[in-house]
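Structure, as structure tokens:
Positions are given from 1, in the same order as the sequence printed here. What you see below is based on every heavy atom in this structure, not just the backbone, and it leaves out hydrogens, waters and symmetry mates.
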Amino acid sequence: MNRYSLNQATTKYWPLEDVVAASAKAGLEWIGLWREPIQEYGVDQAAKLVADAGLKVSSLCRSGFFTATDPAERQAKIDDNRRAIDEAATLGTSVLVLVSGGLPAGSRDLDGARAMVRDGLAELVPYAEERGVRLGIEALHPMFCSDRCVVSSLGGALDLAEQFPASQVGVIVDAYHLWWDADVYKQIERAGERILSYQVSDWVVPLPADTLLGRGMMGDGSIELRRLRAACDAAGYDGPIEVEIFNQQLWDAPGQEVFDLALARYQEHVT
């Protein structure tokens, strides 16, 4: 249980104070934070709230979205990523989760979009290193390739990450996005010290109309969560394990109820 971390996105409408208090009361060590609600709350205030509760921030989600053909838009994205790095440093986490971005509007150039991701990383790495923050590339399921993330496999994420030192750029192993890949265990072994987070939820069917909200509670779906966790362990990852679930029914449920259920299901299906 010393590795368990509830990402606040799992209880989207639950106030940060309540998530922090529940985590501290349960004797947890970690909490995962999300940029937009933290910005609304105040980054400095959030850092103090978490620290005063005796918690540490497992990661800050999310930045990235490098894919833009307009120079001004691209520069704005780089500037926002630098702000995200500053926020991560203020919150005391060394892990900033990056989602690459989808195809630029009107484009079918997938190779070009992935090159934009590489170039964006190259611009950010020196600044992130100065701030003590590692950049974690998260591959998303291929159904999000066109609009959200042109990096669709762990192997593809590693192809990008390995162009930089492991101390600067790593990968996020998100069970929901990677479980389907026949190559995933080989790629986890390859990732080794570059694994910066293992994130869990479950794949449930039928998917909702808004596929972004299709994640289920651990144990409700098809993913071998414990096997993936064991693979990450064997590769050398011993850091926090984040529960990150986008699901409207869970968001609409009482926060404490979801918190308790997630903790129980983590013990049953992940540890």
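- Salt-bridge check for Arg134 with Glu129: failed, with every basic side-chain N at 4.0 Å or more from each acidic carboxylate O.
- Asn7 and Glu242 are linked by a side-chain donor-acceptor pair at a separation below 3.5 angstrom, with hydrogens and angles left out of the test.
- If you chain together hydrophobic residues whose side chains sit under 4.5 Å apart, Leu98 and Leu196 never meet in one group.
- Applying the side-chain hydrogen bond (donor to acceptor under 3.5 Å, both in side chains) criterion to Arg83, with sequence neighbours excluded, gives Asp80.
- Remark: side-chain polar atoms of Ser59 are not paired, donor with acceptor, to backbone N or O of Leu96 under 3.5 angstrom.
- Side-chain contact between Asp109 and Leu103: absent, with no pair of heavy atoms (C-beta onward) separated by less than 4.5 Å.
- Aromatic ring pairs are classed by plane angle as parallel below 30°, tilted from 30° to 60° and perpendicular above 60°; the pair His177 and Phe144 is perpendicular.
- Val95 places none of its side-chain heavy atoms less than 4.5 Å from the side chain of Leu60.
- The salt bridge (Lys or Arg N to Asp or Glu O under 4.0 Å) check on Arg3 picks up Asp233, with sequence neighbours excluded.
- Judged by distance alone, the side chain of Ser152 and the main-chain N or O of Cys145 form no donor-acceptor pair under 3.5 Å.
- The stretch residues 32-85 participates, sequence neighbours left out, in these ring pair (Phe, Tyr, Trp, His ring centres under 6.0 Å) pairs: Trp34-Phe246.
- Side-chain atoms of Arg215 come within 3.5 Å of backbone atoms of Glu244 as a donor-acceptor pair (strictly under, hydrogens ignored).
- Residues Trp203 and Tyr176 bring their aromatic ring centres within 6.0 Å.
- Using a 4.0 Å cut-off between a side-chain N of Lys or Arg and a carboxylate O of Asp or Glu, Asp86 and Arg131 qualify as a salt bridge.
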Could you please spell out the steps behind the side-chain contact (heavy atoms from CB on, under 4.5 Å) verdict for Ile223 and Leu228? CA-CA 9 Å; Ile223 305 177; Leu228 285 166; 3.7 Å; yes
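- Under the side-chain hydrogen bond (donor to acceptor under 3.5 Å, both in side chains) criterion, Asp18 pairs with no residue, sequence neighbours left out.
- The closest side-chain heavy-atom distance from Cys61 to Gln199 is below 4.5 Å.
- Side-chain contact between Val169 and Val125 is present, with at least one heavy-atom pair separated by less than 4.5 Å.
- Not a single donor-acceptor pair under 3.5 Å links the side chain of Thr211 to the backbone N or O of Gly214.
- Within a 6.0 Å sphere centred on CD of Gln45, other residues, nucleotides and ligands contribute more than 12 heavy atoms.
- With salt bridges taken as basic N to acidic carboxylate O contacts below 4.0 Å, none links Glu138 and Arg62.
- Environment of CG in Asp52: crowded, with over 12 heavy atoms of neighbouring residues, nucleotides or ligands closer than 6.0 Å.
- Between Arg229 and Ile241, the closest side-chain pair of non-hydrogen atoms falls below 4.5 Å.
- In the hydrophobic cluster analysis, where Ile, Leu, Val, Met, Phe, Trp and Tyr join through side-chain heavy atoms closer than 4.5 angstrom, Met217 is grouped apart from Val204.
- In this structure, the side chains of Leu33 and Ile31 come closer than 4.5 Å at one or more pairs of heavy atoms.
- Annotation: salt bridge (Lys or Arg N to Asp or Glu O under 4.0 Å) contacts involving residues 182-194, sequence neighbours excluded, comprise Asp159-Arg190, Glu162-Arg190.
- Between Ser153 and Asp181 there is a side-chain heavy-atom pair separated by less than 4.5 Å.
- Trp14 and Val50 fall within a single hydrophobic cluster, where Ile, Leu, Val, Met, Phe, Trp and Tyr side chains are chained together by heavy-atom contacts under 4.5 Å.
- Exactly one of Ile172, Leu121, Val97 qualifies for a side-chain contact (heavy atoms from CB on, under 4.5 Å) with Ile137. That residue is Leu121.
- The neighbour count for Glu36 CD, taken as heavy atoms of other residues, nucleotides or ligands under 6.0 Å away, is above 12.
- For the salt bridge (Lys or Arg N to Asp or Glu O under 4.0 Å) test, no residue two or more places apart in sequence or in another chain qualifies with Glu17.
- At distances below 3.5 Å, at least one donor-acceptor pair connects side-chain atoms of Thr10 with backbone N or O atoms of Ile245.
- No salt bridge links Arg265 with Asp202; every basic N to acidic carboxylate O contact stays at or beyond 4.0 Å.
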Leu160 vs Arg114, test: side-chain contact (heavy atoms from CB on, under 4.5 Å). Steps then yes/no. CA-CA 9 Å; Leu160 286 166; Arg114 288 171 176 157; 5.6 Å; no
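- A donor-acceptor distance shorter than 3.5 angstrom exists from the side chain of Ser23 to the backbone of Val19, with no hydrogens or angles considered.
- Using a 4.5 Å heavy-atom cutoff, the side chains of Leu178 and His141 are not in contact.
- A donor-acceptor contact shorter than 3.5 Å links the side chain of Thr67 to the backbone of Gly102.
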Before you tell me yes or no, could you show the steps for Leu28 and Trp30 under side-chain contact (heavy atoms from CB on, under 4.5 Å), namely the whole-Å CA-CA distance, both residues' side-chain angles and the distance that decides it to 0.1 Å? CA-CA 6 Å; Leu28 304 179; Trp30 300 95; over 6 Å; no
Show your working on side-chain contact (heavy atoms from CB on, under 4.5 Å) between Ile38 and Gln8 and close with a plain yes or no. CA-CA 10 Å; Ile38 292 303; Gln8 70 176 129; 3.5 Å; yes
Under the side-chain hydrogen bond (donor to acceptor under 3.5 Å, both in side chains) criterion, do Asn81 and Ser63 qualify, and how do the steps go? CA-CA 6 Å; Asn81 275 280; Ser63 195; 2.5 Å; yes
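- Both Tyr4 and Val270 are members of a single hydrophobic cluster when ILVMFWY side chains are connected at heavy-atom separations under 4.5 Å.
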